[in-house]
Engineer: 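My questions all concern the structure below.
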Number of protein chains: 2
Amino acid sequence: METTDAVKRLSALAQDSRLAVFRLLVRAGPEGMAAGEIARALEITPNTLSAQLTVLANAGLTTSRRDGRSIIHAADYEGMSGLLVYLMEDCCQGRPEVCAPLAEAASRAACCEGAQA
Amino acid sequence: METTDAVKRLSALAQDSRLAVFRLLVRAGPEGMAAGEIARALEITPNTLSAQLTVLANAGLTTSRRDGRSIIHAADYEGMSGLLVYLMEDCCQGRPEVCAPLAEAASRAACCEGAQA
DNA sequence: TCTATATTTCCACATATTTGGAATTATGGA
DNA sequence: TCCATAATTCCAAATATGTGGAAATATAGA
């Protein structure tokens, strides 16, 4: 991933309500949630939410599809991975001891056993 | 980590030159770099860099110590870990398949074998 | 103490971001 | 076709952010 994209993704997440939206979608899983549902859950006005979802989508952190009158938004786990990899990328230039805390954090976060590819 | 801190850290990284500074420090390792050295490396004026380093430090992403006339700045790997854990936290609410890409990314990024705690 | 170097603080300007009201577009059902 | 619901677009105002010039502070050495 390019630096430009990383900054875009970080910026998208670097805001209270947008981070809340993203985390809600992460918790919602691959099925996602309708925009209106998200707006009600987080008490954000629909037009503001729409703008925020646009930012997240442009950054490559969410996807959307229409279902009837609703637009269903979902977290883009691949996009998220890309960012995490980018952030950890330079951590150990021949210095294993440096990235130990990061690697440890990553494995701790890999909460569900089955996921340990 | 609290959401407020996460937003602070994301905001700190969500800017071209600040991300460049942080990555340079990550690459520099625990010994860190003098402010002037960073400024020359990235062609940023010293006062601007100073402001940016303040943001990174306040976010808990860098530390600093004086050494003679220089101030040495270093990446705070623990602070970084905290953010990564926070971001991955909610990824698999009983859905192992969801966080698989994230876990995979994390282990791929744990580049140096010795670091696999 | 005086001078040079390293960094920070103060300040102001230019730019970007966040937000919501009002209007608009899209879909489904009667 | 007409209406209600769902979401978006347009626009403008308030706020926040990034930047660098000039001045101030801190340290080392002569």
Side-chain angles (χ1 to χ4, degrees), chain A residues 3-25 28 31-76, chain B residues 3-25 28 31-76:
Chain A
T3 299
T4 303
D5 299 316
V7 170
K8 226 178 188 178
R9 285 179 200 181
L10 288 165
S11 303
L13 296 175
Q15 202 256 354
D16 280 329
S17 37
R18 245 167 5 231
L19 183 56
V21 169
F22 182 72
R23 301 197 97 213
L24 181 63
L25 290 178
E31 291 86 42
M33 288 176 73
E37 237 185 312
I38 301 171
R40 279 187 297 276
L42 301 179
E43 301 184 47
I44 303 174
T45 64
N47 53 355
T48 297
L49 176 66
S50 184
Q52 291 169 336
L53 283 168
T54 300
V55 173
L56 287 168
N58 284 338
L61 290 167
T62 59
T63 57
S64 63
R65 65 194 154 83
R66 179 175 282 277
D67 175 30
R69 274 180 283 202
S70 298
I71 309 276
I72 310 293
H73 296 265
D76 182 333
Chain B
T3 300
T4 304
D5 298 318
V7 170
K8 227 178 188 176
R9 285 180 200 181
L10 289 164
S11 304
L13 296 175
Q15 203 255 354
D16 280 328
S17 37
R18 246 170 0 233
L19 183 56
V21 169
F22 182 72
R23 300 196 99 214
L24 181 62
L25 290 179
E31 291 86 42
M33 287 176 74
E37 237 185 312
I38 302 171
R40 277 187 297 278
L42 301 177
E43 299 184 46
I44 304 174
T45 63
N47 54 353
T48 297
L49 176 66
S50 182
Q52 291 168 335
L53 284 168
T54 299
V55 173
L56 287 168
N58 284 337
L61 290 167
T62 60
T63 57
S64 63
R65 66 192 154 86
R66 179 176 281 277
D67 175 29
R69 275 180 282 202
S70 299
I71 309 275
I72 311 292
H73 296 265
D76 182 334

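Below, read A as the first sequence line, B as the second, and so on, with proteins coming before strands; counting in each chain starts at 1. Owing to the predicted nature of the structure, the values given are computational and were not obtained by experimental measurement.
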Engineer: Which nucleotide in the set dT8(D), dT8(C), dT19(D) lies at the smallest distance from any side-chain heavy atom of Ala35(B)?
Structural biologist: dT8(C)

Engineer: Checking all strands, does Arg18(A) fall into the base, sugar-phosphate, or nothing category for heavy-atom contacts under 4.0 angstrom?
Structural biologist: sugar-phosphate

Engineer: Looking across every strand, which nucleic acid part, if any, lies under 4.0 Å from Ser70(A) by heavy atom: base, sugar-phosphate, or nothing?
Structural biologist: sugar-phosphate

Engineer: For Ser11(B), which contact category applies under a 4.0 Å heavy-atom criterion: base, sugar-phosphate, or nothing?
Structural biologist: nothing

Engineer: Taking CZ from Arg40(B) and P from dT5(C), how many angstroms apart are they, rounded to a whole number?
Structural biologist: 12 Å

Engineer: Take atom CD1 of Ile71(A) and atom P of dG28(C), then tell me their distance rounded to the nearest Å.
Structural biologist: 11 Å

Engineer: Expressed as a whole number of angstroms, how long is the span from Leu56(B):CG to dG18(D):P?
Structural biologist: 11 Å

Engineer: What's the CG-C1' distance between Asp16(B) and dA16(C), to the nearest Å?
Structural biologist: 13 Å

Engineer: Please work out if Ala34(B) contacts a base, only the sugar-phosphate, or nothing of the nucleic acid, heavy-atom cut-off 4.0 Å.
Structural biologist: sugar-phosphate

Engineer: Quick check on dA16(C): is either OP1 or OP2 less than 4.0 Å from any side-chain nitrogen or oxygen of Gln15(B)?
Structural biologist: no

Engineer: To check you understand the geometry: which heavy-atom pair defines the closest contact between Leu61(A) and Arg9(A), and what is its length?
Structural biologist: CD1-O, 3.7 Å

Engineer: Under 4.0 Å between a side-chain N/O of Thr45(B) and OP1 or OP2 of dG20(D), yes or no?
Structural biologist: yes

Engineer: Find out whether Gln52(B) and Thr48(B) are in side-chain contact, i.e. whether some heavy atom of one side chain is under 4.5 Å from a heavy atom of the other.
Structural biologist: yes

Engineer: Any non-hydrogen side-chain atom of Ile38(B) less than 4.5 Å from a side-chain atom of Leu25(B)?
Structural biologist: yes

Engineer: Are OP1 or OP2 of dT17(C) and a side-chain N or O of Gln52(A) less than 4.0 angstrom apart?
Structural biologist: no

Engineer: Expressed as a whole number of angstroms, how long is the span from Asn58(A):CG to dA16(C):C1'?
Structural biologist: 16 Å

Engineer: With a cut-off of less than 4.0 Å, is there a side-chain N or O of Thr48(B) near OP1 or OP2 of dT19(D)?
Structural biologist: no

Engineer: To the nearest angstrom, how far is Leu49(A) atom CG from dG20(C) atom C1'?
Structural biologist: 13 Å

Engineer: Given side chains that start at C-beta, do those of Thr62(A) and Val21(A) come closer than 4.5 Å, heavy atoms only?
Structural biologist: no

Engineer: How close do Leu24(A) and Ala41(A) get, counting heavy atoms only, and between which atoms?
Structural biologist: CD2-CB, 4.0 Å

Engineer: Tell me: CD1 of Ile72(A) to C1' of dT27(C), nearest whole Å?
Structural biologist: 13 Å

Engineer: Tell me the closest heavy-atom pair linking Ala34(B) and Ser70(B), and the distance in Å.
Structural biologist: CB-CB, 4.0 Å

Engineer: Would you say that Leu13(B) contacts Leu56(B) through its side chain, given a criterion of any heavy-atom pair below 4.5 Å between the two side chains?
Structural biologist: yes

Engineer: For Glu37(B) and Ala14(A), take the nucleotide of DNA chain C holding the closest heavy atom to each; which residue's nucleotide lies nearer the 5' end?
Structural biologist: Glu37(B)

Engineer: Can you check the Met33(A) CE to dA6(D) C1' distance for me, whole Å?
Structural biologist: 15 Å

Engineer: Taking only side-chain N and O atoms of His73(B), does any of them lie within less than 4.0 angstrom of OP1 or OP2 on dT8(C)?
Structural biologist: yes

Engineer: What N/O pairs connect the protein and nucleotides 22-29 of chain D at under 3.5 Å? Give each pair on its own line.
Structural biologist:
unit_1, atom_1, unit_2, atom_2, d
dA22(D), N6, Asn47(B), ND2, 3.4

Engineer: Between the main-chain N or O of Pro46(B) and the side-chain N or O of Ser50(B), is there a donor-acceptor pair closer than 3.5 Å?
Structural biologist: no

